[in-house]
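Report on the following structure.
No hydrogens, no waters, no symmetry mates; every other heavy atom, side chains included, goes into these values.
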Amino acid sequence: MKALVFLLLSFITTKTFSQPKAIPVHDPVIIRQDGTYYIFATGKGIKVWSSKDLKSWKPEMSVFNTPPEWATTAVLGFKDNIWAPDISFYKGAYYLYYSVSTFGKNNSAIGLATNKTLNSNDPNYHWVDHGEVIKSVSGRDNWNAIDPNFTVDKKGKPWLAFGSFWGGLKLVRLSDDGFKISTPPALVPLASRNESGKAPNPIEAPFMFRKGKWFYLFASIDYCCKGPASTYKIIVGRSKNFKGPYTDKEGTDLKNGGGSILRKGDENWYGLGHNAVSSFDGTDYLIYHGYDSKDKGAPKLIINKLNWQKGWPVTEEI
């Protein structure tokens with residue numbers, strides 16, 4: 001009898017401690033290679049996590065051991081905390097766009113690194129940094145070169161969506177290899193919280209996703225990074241044209257303050273935001289972070305299934 005009780009208690013204890021825990025991430029994006037999921041997130045050298053099941057995650061090596069040399073020169077005050085990476089597979093390689101900046105300023109830049117594989121045990125694993133893609137300068141530009149999202153139009157041509165506060169979210173054509181912006185750089189306005197684009201204009205983190213005949217634009221509004229005072233929310237709009245205009249369920253243009261709320265804070269989360277959308281085996285997923293109300297507002301990873309009702313996304317727990 002004692003042996004049976006011991007075995008039962010051991011089973012219960014094992015089950016309790018084997019449950020997956022939300023990992024501490026900020027600004028996550030996800031991709032899959034050879035059955036392994038990889039999350040890239042804001043942090044020193046760019047944080048990386050891997051998983052086989054989207055539930056149990058293990059930390060991997062950071063992308064950069066030392067800060068990119070170009071970035072420390074291009075952005076005064078930047079050290080090694082790299083923001084909001086975006087990962088895509090393009091032209092036979094993994095493209096990782098990333099942001100370098102200092103909080104509250106738009107003296108910022110977006111860089112690019114590429115790799116042949118994401119498996120750090122593969123002998124071909126090696127990140128090659130290609131330096132600056134686009135830069136904003138305080139006092140010159142009313143836009144902020146952070147929060148990149150690589151996307152392609154109907155013809156397969158590469159573009160970069162980006163932006164935070166200031167003049168809102170923008171879209172710019174990239175060179176065909178994706179290493180630089182086109183010349184001359186023509187910025188397409190995507191979204192803003194007000195028509196004038198004047199401060200504080202709390203909108204950032206664009207993510208574009210194509211589903212059927214629609215292009216969807218996801219973004220985050222209000223304020224991140226404040227722990228219990230965070231008010232982050234995820235909004236969405238859609239358009240049949242790649243460049244927009246993107247409108248919400250009420251028909252309001254996202255450039256004029258529109259945006260249907262997809263996720264917002266509740267009793268469990270002070271705020272929710274900075275999302276990515278990915279598809280695996282025919283299922284769409286929404287990946288983002290939330291400020292945990294049960295852990296002093298610490299940012300944690302959240303993954304939901306993304307369903308579609310009447311052409312609009314709806315989240316479901318996994």
Side-chain angles (χ1 to χ4, degrees), residues 26-27 29 41-46 63-64 66-86 96-113 129-150 159-175 178-207 217 219-226 229-232 254-257 271 273-274 299:
H26 212 270
D27 313 327
V29 68
T42 289
K44 184 177 180 180
I46 303 179
V63 172
F64 296 107
T66 58
E69 185 176 349
W70 72 269
T72 58
T73 302
V75 178
L76 185 64
F78 166 74
K79 295 181 180 179
D80 58 4
N81 191 37
I82 301 175
W83 299 350
D86 182 72
L96 184 69
Y97 294 89
Y98 58 90
S99 312
V100 292
S101 187
T102 54
F103 198 84
K105 298 181 180 180
N106 73 325
N107 189 40
S108 311
I110 293 170
L112 170 65
D129 188 51
H130 301 278
E132 179 186 313
V133 176
I134 186 172
K135 179 182 177 181
S136 56
V137 177
S138 298
R140 184 192 73 181
D141 302 313
N142 188 35
W143 44 274
N144 195 11
I146 66 170
D147 294 359
N149 172 231
F150 177 84
W159 294 74
L160 195 69
F162 66 92
S164 175
F165 286 65
W166 279 268
L169 310 184
K170 309 294 183 183
L171 182 67
V172 67
R173 174 77 160 85
L174 293 170
S175 57
F179 289 179
K180 300 293 180 182
I181 59 173
S182 60
T183 304
L187 302 184
V188 178
L190 289 175
S192 177
R193 297 305 291 160
N194 54 66
E195 295 184 43
S196 63
K198 293 182 179 180
N201 202 17
I203 187 170
E204 58 188 13
F207 197 96
L217 173 62
S220 296
I221 61 171
D222 297 333
Y223 296 92
C224 78
C225 317
K226 294 178 179 290
S230 300
T231 56
Y232 235 15
L254 267 64
K255 293 193 298 292
N256 299 329
H274 206 113

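Taking each heavy atom of Cys225 and Ser230 in turn, the nearest pair found is N-OG, 3.7 Å. Asn201 and Gly168 get closest at one heavy-atom pair: ND2-N, 3.4 Å. When all heavy atoms of Pro206 and Gly163 are compared, the closest pair comes out as CD-O, 3.9 Å. Residues Leu112 and Gly178 come closest through the heavy atom pair CD2-O, 3.5 Å. Here the closest heavy-atom approach between residue Ala74 and residue Lys135 is recorded as O-NZ, 3.0 Å. Here the closest heavy-atom approach between residue Pro85 and residue Val29 is recorded as O-CG1, 3.4 Å.
At distances below 3.5 Å, not a single donor-acceptor pair connects side-chain atoms of Ser192 with backbone N or O atoms of Gly167. For the pair Ser164 (side chain) and Glu204 (backbone), a donor-acceptor distance under 3.5 Å is absent.
Residues Leu169 and Ile203 have side chains in contact (heavy-atom distance under 4.5 Å, counting atoms from C-beta outward). Pro67 is not listed as a side-chain neighbour of Lys79, based on a closest heavy-atom distance of 4.5 Å or more. In this structure, Thr42 and Asn81 have side chains that are in contact, with non-hydrogen atoms separated by less than 4.5 Å. Within the 4.5 Å cutoff, no side-chain heavy atoms of Thr66 are placed close to those of Asp80.
Rounding to the nearest 0.5 Å gives a distance of 11.0 Å between CG of Asn256 and CZ of Arg193. A distance of 12.5 Å separates CD1 in Ile134 from CD1 in Ile146, rounded to the nearest 0.5 Å. Note that NZ of Lys180 is 13.0 Å distant from OG of Ser182, once rounded to the nearest 0.5 Å. Remark: Ile46 CD1 to Leu96 CG distance equals 4.5 Å, nearest 0.5 Å. For the atom pair CZ of Phe103 and CH2 of Trp83, the computed distance is 6.5 Å after rounding to the nearest 0.5 Å. One finds the CD1 atom of Ile110 at 8.0 Å from the OG atom of Ser136 (value rounded to the nearest 0.5 Å).
Sorted by first and then second residue, the side chain to side chain donor-acceptor pair (under 3.5 Å) pairs involving residues 98-108 (not counting sequence neighbours) are Trp70-Tyr98, Tyr98-Asp129, Ser101-Ser108, Asn106-Ser138, Ser108-Asn144.
Legend: residues meeting ring-ring contact (aromatic ring centres under 6.0 Å, His included) with Tyr97, ordered by chain and number and at least two apart, are Phe150. Residues meeting the ring-ring contact (aromatic ring centres under 6.0 Å, His included) test with His130, sequence neighbours left out: Phe179.
The one candidate from Asp27, Asp147, Asn149 that meets the side-chain contact (heavy atoms from CB on, under 4.5 Å) condition with Asp86 is Asn149. None of Trp166, Phe162, Phe165 except one satisfies the ring pair (Phe, Tyr, Trp, His ring centres under 6.0 Å) rule with Trp143; the exception is Phe162.
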